Amino acid sequence: MRNVCSLLFVLLVAACSVPPKFYPYDGTKTIKSEGGFLDGYVSSESLSFSVFEKKPEYKYDIIDIYSSGLPQGKTCSLLGHISGSTHQDIEKIAFELGGNVLSRSDVSFPTQFEEGGILQVGMGAGIDQLTSWTGWGAHTSTIYRYNIFECK
C-alpha cells in the first residue's frame, strides 16, 4: 500500500509540471556585456534523451547560466525569453536555438512615441513559486524564467 501511495504522489507531481513556453525576440538589438554573476553551466552531454531519440548536434556544447548579467566583454544577441518548471526542458530549447547563455536578468527596450508616451517592451526573468490548492492540499511549483542569448 505504501508503494502505491508513493507512486500516486510521484505521478501527481509529474502531472503538475509546467511545459516550457518560449517567446522569440523579433529584433536586432545586441548588448556589449560588462559582466555578471555566473551561477553555473550545463553541458549538452548532461541532457537526457529517450532511448529512441538520437542525440542532436548543437551549435554550442556548453551553456553558461548567469544569476544576473552576461559574460564580460562579449557582444550578446537576444534570442528570446523562456519559462518552465524544469531546467532540463529549458536547457534543451536553449541548445536547439543556438544559445550559449541563460540569464535571469530582465530585458527592457522602452520606445518613445512621436507624440509622447512610452511603449514598454521587455521580459522579466527570475524564479517564481506558484501555489495551487487541490483536493489533496497545497501544491507548490517552481517556475524558472530566463532570457536566452548568443554571446560571441
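Owing to the predicted nature of the structure, the values given are computational and were not obtained by experimental measurement. Basis for what follows: all heavy atoms, side chains included, without hydrogens, waters or symmetry-related copies.
Contact check for Phe113 versus Ile118: no side-chain heavy atoms found under the 4.5 Å cut-off. Looking only at side-chain heavy atoms (C-beta outward), Asp61 and Ser43 stay at 4.5 Å or farther from each other. Between Phe149 and Tyr25, every side-chain heavy-atom pair lies at or beyond the 4.5 Å cut-off. Taking the side chain as every heavy atom from C-beta outward, Leu97 and Phe22 approach each other to under 4.5 Å.
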Inset, instruction - Under the side chain to side chain contact (heavy atoms under 4.5 Å, CB included) rule, what do Phe95 and Lys59 come out as? Steps first, then yes or no, please. - result: CA-CA 7 Å; Phe95 274 113; Lys59 185 174 183 179; over 6 Å; no
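One hydrophobic cluster, built from ILVMFWY side chains closer than 4.5 Å, holds both Ile93 and Tyr58. Following chains of ILVMFWY side-chain contacts shorter than 4.5 Å, one can reach Leu47 starting from Ile82, so the two form part of one hydrophobic cluster.
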Atom pairs and distances, donor-acceptor, side-chain atoms in residues 62-81, under 3.5 Å, two or more places apart:
from	atom 1	to	atom 2	distance (Å)
Ser67	OG	Phe37	O	3.3
His81	ND1	Tyr146	O	3.3
His81	ND1	Asn147	OD1	3.0

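Partners of Ser108 by side chain to side chain contact (heavy atoms under 4.5 Å, CB included), not counting sequence neighbours, listed by chain and number: Pro110, Gln120.
Taking all atoms of both residues into account, the shortest heavy-atom contact from Ser103 to Ala125 is O-CB, 3.9 Å. Taking both residues in full, the closest heavy atoms of Ser83 and Ile90 are given as C-CD1, 4.4 Å, listed atom of the first, atom of the second, then distance. Heavy atoms only, all atoms of each residue included: Ser85 and Ile143 are closest at CB-CD1, 4.2 Å. In this structure, Val42 and Ser46 approach most closely via the heavy-atom pair CG2-OG, 3.3 Å.
Between atom CG of residue Leu102 and atom CZ of residue Arg145 there is a gap of 14.0 Å, rounded to the nearest 0.5 Å.
Sorted by first and then second residue, the salt bridge (charged side-chain N to carboxylate O under 4.0 Å, His left out) pairs involving residues 34-45 (not counting sequence neighbours) are Asp39-Arg104, Glu45-Lys55.
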